[in-house]
Amino acid sequence: MNAHASKERLYLFDTTLRDGQQTTGIDFSLDDKITIARMLDELGVDYVEGGYPGANPTDSAFFEEPRTSNATFTAFGMTRRAGVSTSNDPGLRALLDAAGDAICFVAKSWDYHVRVALKTTEDENLACIQDCVMATLARGKEPMVDCEHFFDGYKANPGYALACAEIAYQAGARWVVLCDTNGGTQPDEVRAIVAEVIKKVPGSHLGIHPHNDTEQAVANALAAVRAGARQIQGTLNGIGERCGNANLTSIIPTLLLKEPYASQFEIGVSPEQLAKLTTTSRAFDEILNRAPDRHAPYVGAAAFATKAGIHASALLKEPETYEHVPPQTVGNRRRVLVSDQAGKSNLISELNRLGLVFDSKDPRLDDLLVELKQREATGYSYEGADASLALLAMGRLGTIPRYFKVDSYKVAVERRFNALGETIDLAEAVVKVEVDGEKLMSVAEGNGPVNALDNALRKDLGRFQSIIETLELVDYKVRILNAGTAAITRVLIESEDTATGDRWYTVGVSENIVDASFQALEDSIITKLMRAEGLLAVPAAE
């Protein structure tokens, strides 16, 4: 018997490339769109809405050819203009001529908007919906109607909102989608209203498009499904205008791993595709050039992280005590953090993850744990600095090669006027190191004291110089831990080996920001040298 025979099909509609592009600060290039469409296709969503052909050059170029192999490639656009026939509407013609397999029309379903925005009659708006659905069917494409402001419209005039949904279905729309455009509807309202709509439009033809203005888009999507809707519209990582859309990165694993959805529904995403969800989410953030949300459900670096020692001990013995799903099912991993709340179980687990070899009964572990807590008390934080933690542990439990010794360093910052009377800032650093008994001195300038120090430290390391040529500082974060000009400063540096793409974090703490930076820089270089010799394999930064 087919294991899926008793399950009902639920469809996922991704609007990352259209509604998601309305996110403040996001503007996809054509290459971005092609790459993201491929990612979505490989993830297993059923529909990829690519944009609005005819509205801008990028979207028009994107729809010159099909961009998906498995998902239904969908164009988005408005219904025909009031008073204009389908054959004479250039916007509709662009949609019909696009390379997409389906068209999702946005239609007004709130009588207030029909009067104010469209400046037409309620009957003409209904005719626009009907005509566009029929024109799409005539071209052999799949029509969908996104009923804009549906929930607000229903609350204001339920009869007219229902009429918009019903005429779309009767005209032949594959999906009638109820959009919570303002994002203010509550889950209980969504469930009750969807239950009423199903009396006019079968749930097998009904979708939900919730916005996240009250942080309930995912809950509203699931409420609609519980009420009978069978399509969910959302975006990767929940991006979208204002507060975003329903987050498919959270919805997909919930549907596959949580009851009653897991046993009741089948979606297009397989367990194998689900196991790539974390990678997909983070790769998408890379395209957006933003740091992934560490606390994102399922896929965040902290989603399966445990800090307190008593929790860690239980977690290592019975993972389900503090994990609602196995992290590997979504491509994530368990993290037991080392901090001032850590117990020995945390420490052992983290050292194992870092690939360090040691005897779990080694009494030096207790000393290392004490030192870690003392350092945390002075401002260090190793939760996000795996490389520095590994070096500290190896220094106490094993040996670290003495690649170089820093004898001294000096940094000078100068502000002066150039010949044009413009203010310029100059920073110069001098670093004296010893390599294989040889004294070396390097001088370098930079656009600030830390940059100058970094340049000088890496300018000449003798026989190790060729190894660090591919080392690059890619991010630099400073946190002031207490108030005042003599405040303790914590510096976190992210470094990259440009030859391999591997990244790691190091940390430094001092009352002097330059000294804190130097500590982190020195750890970064030692990490690079040890990785080059195969002595350290710190997991890639998250």
Side-chain angles (χ1 to χ4, degrees), residues 305-313 315-316 334-407 433-435 457 461 464 468 481 488-495 502-512 515-542:
T306 300
K307 190 170 185 177
I310 188 171
H311 289 184
S313 180
L315 178 67
L316 294 173
R334 179 178 306 125
R335 300 181 73 235
V336 180
L337 305 178
V338 174
S339 74
D340 60 353
Q341 297 185 40
K344 195 170 181 179
S345 296
N346 295 62
L347 179 60
I348 290 174
S349 175
E350 194 65 357
L351 296 183
N352 283 328
R353 185 182 68 81
L354 294 174
L356 303 185
V357 178
F358 60 94
D359 183 349
S360 61
K361 297 180 180 179
D362 191 327
R364 291 177 296 180
L365 284 173
D366 295 312
D367 295 333
L368 175 59
L369 184 59
V370 170
E371 182 175 1
L372 279 169
K373 293 190 175 186
Q374 289 174 340
R375 282 174 166 257
E376 290 269 348
T378 63
Y380 284 88
S381 176
Y382 291 98
E383 293 178 12
D386 284 348
S388 286
L389 173 62
L391 294 182
L392 178 65
M394 293 183 72
R396 301 299 178 271
L397 302 177
T399 59
I400 294 179
R402 188 66 173 270
Y403 297 108
F404 60 91
K405 176 187 175 185
V406 177
D407 290 330
V433 299
E434 181 180 326
V435 180
L457 180 60
L461 276 185
F464 303 114
I468 64 171
L481 302 181
I488 299 296
T489 302
R490 180 166 66 222
V491 170
L492 186 70
I493 286 179
E494 182 180 4
S495 302
D502 292 336
R503 295 188 177 191
W504 56 88
Y505 289 101
T506 52
V507 65
V509 172
S510 174
E511 292 181 357
N512 186 315
D515 183 55
S517 301
F518 191 84
Q519 293 175 34
L521 288 171
E522 189 173 6
D523 274 5
S524 175
I525 291 176
I526 294 173
T527 298
K528 174 67 173 75
L529 295 173
M530 294 188 70
R531 289 174 68 92
E533 292 190 65
L535 300 177
L536 184 61
V538 177
E542 296 179 329

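Contact record, Leu389 with Leu372: CD1-CD2, 3.8 Å, taken as the closest heavy-atom pair. Closest non-hydrogen pair, Leu492 versus Ala385, comes out as CD1-CB, 4.0 Å. Of all heavy-atom pairs spanning Arg364 and Leu397, the tightest one is NH2-O, 3.2 Å. The minimum heavy-atom distance between Tyr403 and Phe464, with the atom names listed, is O-CE1, 3.1 Å.
Contacts of Ser388 classified as side chain to side chain donor-acceptor pair (under 3.5 Å), with partners at least two apart in sequence or in another chain: Asp523. Listed by chain and number, the residues in a side-chain contact (heavy atoms from CB on, under 4.5 Å) with Gln374 are Val370 (sequence neighbours excluded). Shown here are the ring pair (Phe, Tyr, Trp, His ring centres under 6.0 Å) partners of Phe404, two or more places apart in sequence or in another chain: there are none. Residues satisfying the side-chain contact (heavy atoms from CB on, under 4.5 Å) criterion with Arg396, sequence neighbours excluded, are Leu368, Glu371, Arg375, Leu392. For Gln519, the side-chain contact (heavy atoms from CB on, under 4.5 Å) criterion is met by Tyr380, Ser510, Asp515, not counting sequence neighbours. Residues meeting the salt bridge (charged side-chain N to carboxylate O under 4.0 Å, His left out) test with Arg490, sequence neighbours left out: none.
Summarising the geometry, atom CD1 belonging to Ile526 is positioned 10.0 Å from atom OG1 belonging to Thr506; distances are rounded to the nearest 0.5 Å. The CZ atom of Phe518 sits 12.0 Å away from the CG atom of Asn512 when rounded to the nearest 0.5 Å. Here OG1 of Thr527 is found 4.0 Å from CG of Leu391. Values are rounded to the nearest 0.5 Å. With values rounded to the nearest 0.5 angstrom, Leu536 atom CG is found 10.0 Å from Asp386 atom CG. Rounded to the nearest 0.5 Å, atoms CG (Leu521) and CD1 (Ile493) are 4.0 Å apart. Note: Ile525 CD1 to Leu457 CG = 3.5 Å, rounded to the nearest 0.5 Å.
Leu535 is listed as a side-chain neighbour of Pro401, based on a closest heavy-atom distance under 4.5 Å.
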